[in-house]
Structure formats: C-alpha cells, structure tokens
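Notes for the one structure printed next.
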Amino acid sequence: MHRLSEEYEALRKSVEDFAHDVVAPVIGDYYEREEFPYDIVRQMGRMGLFGLPIPEEHGGMGGDYFALCLALEELARVDSSVAITVEAAVSLGAMPIYRFGTDEQRAEWLPRLASGELLGAFGLTEPGGGSDVPGGMRTTARLDGGEWVINGTKAFITNSGTDITGVVGVAAITGERNGKPEISTILVPAGTPGFTVSKKYSKVGWSASDTRELSFSDCRVPAENLLGERGRGYAQFLQTLDEGRIAIAALSVGLAQGCVDESLGYVRDRHAFGKPIGAYQAIQFKIADMETRAFTARLAYYHAAEKMLAGEPFKKEAAIAKLVSSNAAMDNARDATQIFGGYGFMNEYPVGRFYRDAKILEIGEGTSEVQRMLIARQLGLNDL
Ligand SMILES: Cc1cc2nc3c(=O)[nH]c(=O)nc-3n(C[C@H](O)[C@H](O)[C@H](O)COP(=O)(O)OP(=O)(O)OC[C@H]3O[C@@H](n4cnc5c(N)ncnc54)[C@H](O)[C@@H]3O)c2cc1C
C-alpha cells in the first residue's frame, strides 16, 4: 500500500485537483467569515467523497477506508475545515450506521449521507469530559411507551447544526450493568422536538466547519432508533474512534504537507540580504525537517490503514499514527509560519490558517495524552 495502486492514485489526483482548483481560491474568505461552505460541500458530494468507504448498495462509492484517508489528506493540504467536514460526516456520522445499524436504519440514512445530501454527526463528548467518556457522561435515555426519552448536553459536536445535518448518533446512559453505566447509541434526527442546537462556537481554527453544543430535553425518538445492541455504545465508539484516528492522522499529514508546499514556493520568491531566503541553510534544514515529518507520519497512517483493512488488530498503530501526525502538523505549521515571517501571521496566507488549524489535531478524537495511554496499554503497561 506504500506504493499507491492506479485506482488509489487516480482518486488522490482527482481530489488534489479539486482542492487546488475549487477549494483553494475561495476557502480563505469562508474561513474569515466563519461560514460553512455549502457550495464546496455540494461539489464534494457530487464527487462521491462522502460515500468513499460505503458499499454501492447503500449509495456509496464501494471503496475502502484508505480511500477516504487519501481524500482527507489531499483536502487538508489545502484546507482543514472542508477535510474535517468530510471526516466527521463519514467516519463519525455514516460509518457507525453502516457498521452497527439495522437494515432499516441503513436504508433510511446511508444513501443520503453517502451522497452528501445530508451530513451525519456523532455526539459523544459532554461539557464534563471527553477523554474519560464514561466518567464524564451525564446524558441519559430511558424507554417510555416505545420511545427513548433523552436528556442531557453534548459539547463540541462537528456537523451538528448545518442546514443539511440529518442525524446525530447520541451516546447516552441507558441503565447500569455490574455497577457501571450502561452506554448505548441512539440516532436522533435533526429537528426532533426537544433537541436544541446552540449557535456555533467561536473557534481558534477549523473556522469554516460547523461545531455546536447540543441539548436534549425530554427529546423522544422511537425505540427502533437504538443503534445496534443496547449497552454496546462504549464498544461502538471505541471502534469508531480507532478508525477515526487513522482518518485524523491522514488529515494531519495533509496539513503538514501543505506547510511544505506553501513554504517551497515562498522561499524562492522572498529575498533577504541579497538572496532568496531558500538559499540559506537554516531555511533549507527547516523545510527538510518538515518534509521528513510529513513523510514519516504518512507511512504511519498508511501502515495503520493497511492493518485495519487486513482485519488485523490496529489500535496501537492507529494511536501512533495519530500521535506522530498531529505532532508533525503542529511542528510544520509553526515552522512554516516562521518561514513566512510577518506574512505568516496574516490571514490572507494559507499558513496562518494552517497554524490555527493544527492545534485541534492534538486534541480531537483523543488527545495526545490519550494516544500515549492507548499505546502504553497496548504495550502491557497498564497491568503493572
Ligand atoms: C473543534 C472540535 C470538534 C470536535 N468534534 C467532536 C465531535 O464531532 N464529536 C464528539 O463527540 N466530540 C468532538 N470533539 C471533542 C473532542 O473529542 C474532545 O475535546 C477531546 O476528546 C478532549 O476532551 P475534553 O475537551 O473534554 O478534554 P478533557 O478530557 O477534559 O482533557 C483535558 C486535558 O487533560 C488531559 N487528560 C485527561 N485525562 C488524562 C490522563 N488520564 N492522563 C493525562 N492527561 C489526561 C487531556 O489529554 C487534556 O490535555 C470536538 C472538539 C473540538 C474542539
């Protein structure tokens, strides 16, 4: 897989061209206006990006998760808001329905999610905690007259309040088992009475993506909206997040590579002390380090994806990929901004956007500390 097949390469190239021709010219303005780019999302839907890993019988492209990762990397080379919109919609919104849903749930949601007509979201994090999910969870759902009645609040949920948001998978406590909270996932369609979406957060980065707080106040949905088995919510989101980490790693590699792309152009044009700044070894070494980080982080996510697609355990590899690639993104964003000097601090250049977008990669879908905990656990260190 380290050498892309013709099919993967064709996909990668078409997304590269799309990002360059369609996204790059306009995304800076959306970002500054903190506006969700509906037109770009529509076009990504037409290209099939929201259905990449979903089988054709459900309206998808019949590709695989690695294809999704390649697309995310190419999008994030240019912009992370559009990349995270696709990542969250597919990896967190549609994939759990595909993996755990009933035939009826798949038929109801997947064709519209795979085409990008609707966006899916995944509501796990709460104001009281995202790393320690069971410890921080206060949202409850109880059965009453054939309906789930949901109460609680979710924090920082991507894609949850757009005009085309279709459904949110909500993790909730549905009882107690062996003295521990029983967690289940319930599908809540947008617009259900009792489900309120707050106004968008003002964010440091990902400014053209949609992130909201959600509240549920006696929100009722049919009992059939339970996703998979009751009490399997914890296992479901662990699996969803393991996969999602490879996707976030791909997105991080894209940002890291975008920093190299931008810097390579700039150091040829910008002159100081009578030479292009790229002639100075201090600048060359910075760019060499940036390229090295992007390259090695890419190998890490390719490797994790390869294990996942082979059906082998990949938890450790996914955590390593997420950890090294988010570090690479942060380091490259810092170095690229430095190379651009004062212009690096201006929003009109993409590197300023990369700088603001990089930090969340060390936080979302498991912080860097959580990745280290997972890696240490896989090495048997939690048995001490
Ligand atoms: C823009 C954005 C989009 C998001 N989208 C979604 C979404 O779509 N769906 C969703 O469910 N969530 C989403 N999140 C939430 C995200 O996944 C959480 O913010 C993240 O998991 C961290 O949780 P927290 O913010 O509660 O931090 P906390 O869990 O409170 O952690 C705070 C700090 O303590 C550290 N820490 C915690 N426990 C330990 C420990 N045992 N040892 C060492 N350090 C520790 C953490 O690493 C972190 O540095 C999003 C967040 C953002 C900012």
Side-chain angles (χ1 to χ4, degrees), residues 1-15 48-58 60-76 83 86-101 106 110 114 122 228 232 234-254 256-257 294-328 361 365-366 370-382:
M1 196 183 279
H2 296 168
R3 200 177 284 262
L4 296 183
S5 69
E6 251 177 56
E7 212 175 0
Y8 284 138
E9 175 53 25
L11 168 74
R12 192 205 62 72
K13 181 77 175 80
S14 72
V15 181
L49 301 190
F50 291 96
L52 278 173
I54 295 173
E56 288 174 30
E57 63 189 285
H58 298 300
M61 299 293 282
D64 57 29
Y65 209 81
F66 183 61
L68 171 69
C69 291
L70 287 177
L72 293 173
E73 182 185 336
E74 288 305 326
L75 289 174
V86 175
E87 195 276 340
V90 181
S91 163
L92 303 181
M95 287 307 276
I97 298 178
Y98 168 56
R99 291 226 187 281
F100 313 119
R106 287 169 158 195
L110 288 181
F122 187 57
R232 294 293 295 162
Y234 193 55
Q236 288 168 356
F237 73 68
L238 289 182
Q239 185 179 338
T240 301
L241 291 179
D242 279 342
E243 294 177 4
R245 282 177 189 131
I246 307 179
I248 293 289
L251 201 152
S252 305
V253 169
Q257 192 66 54
F295 179 83
T296 49
R298 181 177 301 107
L299 291 183
Y301 100 69
Y302 276 27
H303 179 65
E306 194 166 27
K307 290 199 85 166
M308 176 191 157
L309 293 184
E312 295 169 18
F314 64 96
K315 196 181 264 300
K316 185 180 76 177
E317 289 74 13
I320 290 173
K322 197 217 171 223
L323 184 61
V324 297
S325 60
S326 54
N327 280 342
L361 299 167
E365 295 199 28
V370 166
Q371 306 313 316
R372 290 185 176 96
M373 282 159 61
L374 291 169
I375 295 163
R377 200 173 293 156
Q378 292 298 310
L379 294 171
L381 290 175
N382 63 327

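Atom set for the values below is all heavy atoms of this structure, side chains included, hydrogens, waters and symmetry mates excluded.
- Residues Ile54 and Phe50 come closest through the heavy atom pair CD1-O, 4.0 Å.
- In this structure Glu73 satisfies the side chain to side chain donor-acceptor pair (under 3.5 Å) test together with Arg298, Tyr301, sequence neighbours excluded.
- Contact annotation: the side chain of Leu70 never approaches that of Val15 to less than 4.5 Å [non-hydrogen atoms, C-beta and beyond].
- Contact of the Gln378 side chain with the Ile375 side chain is not registered, since no non-hydrogen atoms from C-beta on lie closer than 4.5 Å.
- Leu49 places none of its side-chain heavy atoms less than 4.5 Å from the side chain of Val90.
- In this structure, Ser91 OG and Leu52 CG are separated by 12.5 Å, a value rounded to the nearest 0.5 Å.
- Contact check for Leu361 versus Asn327: no side-chain heavy atoms found under the 4.5 Å cut-off.
- Using a 4.5 Å cut-off on side-chain heavy atoms (C-beta onward), Thr240 and Phe100 make contact.
- Contact record, Ala297 with Ala328: CB-CB, 4.3 Å, taken as the closest heavy-atom pair.
- By the 4.0 Å N-to-carboxylate-O rule, Glu365 lies too far from Arg245 to be salt-bridged with it.
- The two residues Leu75 and Val86 make their nearest non-hydrogen contact at CD1-CG2, 4.0 Å.
- Contact between Val324 and Ala300 at its shortest, heavy atoms only, is CG2-CB, 3.9 Å.
- The two residues Ala76 and Leu251 make their nearest non-hydrogen contact at CB-O, 3.2 Å.
- A donor-acceptor pair is defined here as one N or O able to donate and one able to accept, closer than 3.5 Å; no such pair exists between the side chain of Glu74 and the backbone of Gly254.
- Taking 4.5 Å as the limit, every side-chain heavy atom of Leu374 sits out of range of all side-chain heavy atoms of Lys316.
- Taken to the nearest 0.5 Å, the CG atom of Leu241 stands 10.0 Å off from the NZ atom of Lys322.
- At least one side-chain heavy atom of Phe314 sits less than 4.5 Å from a side-chain heavy atom of Ile246.
- Partners of Leu238 according to the side-chain contact (heavy atoms from CB on, under 4.5 Å) rule, which considers only residues two or more places apart in sequence or in another chain, are Tyr234.
- Taking the side chain as every heavy atom from C-beta outward, Arg99 and Gln239 approach each other to under 4.5 Å.
- When all heavy atoms are compared, the tightest approach of Ala294 to Gln257 is CB-OE1, 3.4 Å.
- Going from atom CD1 of Ile320 over to atom OG of Ser325 covers 11.5 Å, rounded to the nearest 0.5 Å.
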